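Fair warning: this is a prediction, and the values are worked out from it, not measured in the lab. Sequence lines set the chain letters: A, B, ... in the order given, protein chains first and strands last, and positions in each chain run from 1.
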Amino acid sequence: MTVIDDRFAAANTDEGPQELRSRSQLTAKEVLREVGAVLRMSEAQAAALADIEHDAGEDQTMIINMGPQHPSTHGVLRLMLELQGETVLRCKPIIGYLHTGMEKTGEQLTYMQGGTNVTRMDYASPLNNELVFSLAVEKLLGIDGDIPERAVWMRMLLSELNRMSSHLLFMASNGMDLGAVSMMLYGWREREEVLRFFQKVTGLRMNHNFIRPGGLAADLPAGWRDDVLDILEKIEPRLHEYDVLMTGQPIWRERLQGVGVITADEAIALGATGPILRSTGVAWDLRRDMPYLKYAELDFDVVVGSYGDAFDRYAIRLNEIRESMRIVHQIVDRMPSGDYRIQDKKVTPPPRARIDESMEALIHHFKIFTEGFKVPEGEVYVGIESPRGEIGCYIVSDGSAKPYRMRIRPPSFINLQTLPHMMRGGLVADAVAVISSVDPVLGEVDR
Amino acid sequence: MSDGMTEVQKTAEELHGCPVIISLGQRVLLVSRDQYVSVMKALLDDTFDLCVDLTAVDYLLMPGRVIGAGIKPERFEVVVSVMSMQKHERLRLRVQVPADDASIDTLFDVHPGTEALEREVFDMFGIVFNGHPDPTRILMPEDWDGHPLRKDYDFGRIPVQFKGSPA
């Protein structure tokens, strides 16, 4: 079709450095791209926006590394920043330090084992990862309409509680990044309440592997209702404390308002979803706009911002905790009784009691856990709203018990692309606020 | 291998001159490599403004697969998911990419958000995106050999070592 670029021809060994290069090594067009002037604009618009002729020459700028070992980079994110004094001109996120080949691993694990793999990707919202994987597998199996009511509602309960714990973690880390260290302690404290409930239900605080194809691993424990109401009761007044401590506080506002601004057009062009997209005023939430599970039956609001800055993203997450609590209240009221998983002996293990009395049940149990279950040939994409945006799962099945290809569409990975655009023209000190407001989970970025 | 493929329905529908199939209730557009970018541009005008995902599949171990609508299967397939936020609609594009010329035009000018995704596909599958502004690896180290998600790339394992076993 076309001649392969020279850089690829070199025996696939050296594609060139991934780093940010100095301006003298770049063409004008490449510089324009790196300063973020490519977002579906004409060249004239782009040049005007990029303000490129006002950028300092190379003798006045400096390229520095921020990370990968930096406390505010949320793991191992490395940013190369081109600075003119304190001002960030260009920025390039360099990732891959946490890459462990989880999509390749996913091809070696059966559908039964797959949950243990995907749950470790976005470790701040593991239940949403499991949920999207399970929904995709169920669609391939053709049992997506047969999941018992209780299982569906339990999934929603866990997913919303997980959204709360994830956003509480954001509150903690966002506060810490900006110097509100007591906020870090409060955020972790409230998150702990939710994690303690997860531990009671799933046995683990993180990486639960609880939502599985066909339903869930177990039913809710006795007394779950009181535990959930207790959490909601505790967190409610504490969110009010956050408002006092941060939202209304002049220093906090000064630090975040107008920092890391992105427009709706830019966010959509870059594929950003979740709170980043909503902060620009686009009311897009898959729970409402393309409902899955039973979200269509629930009453909740989609929180949007208007300026697309770091403060909006903070405020959206804070209020999404409140919306999630509203949803959890409704779920607690309406939780139906029934089975917590589909009773399909080819997909879910038989009940424990059956194993004692039925040889056939024992064989099914054994086969499910050793060979797994076969999934008909086909391909499917399912996307749901995770705390960070749209998490999607694309599975290709060749008819065997393992996925032929298992792809997770990682929201953090794609949202990271907004960083250079948010940072341009800002201060280095604001870079920390911007990274924090994107809320990337590096386990998911690198997979 | 194609016998189990019952869920794919052929439709008479065509979109921008490309056949549409229904895979498990989801609309899939089968696009040829030459039409790819122009179809994406046309879809952008049809309000499919959010490019949700771009990935690839290496079908090396499924040579006899049937795609439908008379499309000749190739080793690689680039899979793009787009979404119309106005119509609340998803659409998936599947583009066949042959093994002997594993390259395809970049979507960067249509959806700048595919920049990192295309780098990832290049990194993992070795599919070259013509015209990509920064065609480097993204997840693997830059001096890495091979492309890990290809099916002929060996799956790594840690050798089990027992105490006192001979070598």
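Atom-to-atom distance recorded for Tyr404(A):OH and Lys151(B):NZ is 5.0 Å, nearest 0.5 angstrom. The distance from the OG1 atom of Thr273(A) to the CG atom of Leu50(B) is 7.0 Å, given to the nearest 0.5 Å. To the nearest 0.5 Å, atoms CG (Leu149(B)) and CZ (Arg407(A)) are separated by 9.5 Å. Once rounded to the nearest 0.5 Å, the distance linking CD1 of Ile95(A) with CG of Leu139(B) reads 5.0 Å.
A salt bridge links Asp134(B) with Lys92(A); the closest basic N to acidic carboxylate O contact falls under 4.0 Å.
For Arg288(A), there are no salt bridge (charged side-chain N to carboxylate O under 4.0 Å, His left out) partners two or more places apart in sequence or in a different chain. Among residues two or more places apart in sequence or in another chain, the salt bridge (charged side-chain N to carboxylate O under 4.0 Å, His left out) test is passed with Asp152(B) by Arg75(B). Residues that satisfy the salt bridge (charged side-chain N to carboxylate O under 4.0 Å, His left out) test with Glu118(B), not counting sequence neighbours, are absent from this structure.
Asp58(B) touches chain A through its backbone: at least one of N, CA, C or O sits under 4.5 Å from a heavy atom, while the side chain does not. For Glu120(B), the part lying near chain A is the side chain, with the backbone staying farther off; criterion is any non-hydrogen pair under 4.5 Å.
Cation-pi geometry between Lys104(A) and Tyr153(B) is not met: the NZ or CZ atom fails to fall both under 6.0 Å from the ring centre and inside 45° of the normal.
Heavy-atom neighbours of chain B within the stretch residues 277-285 of chain A, taken at a separation under 4.5 angstrom, comprise Leu277(A), Val282(A), Trp284(A).
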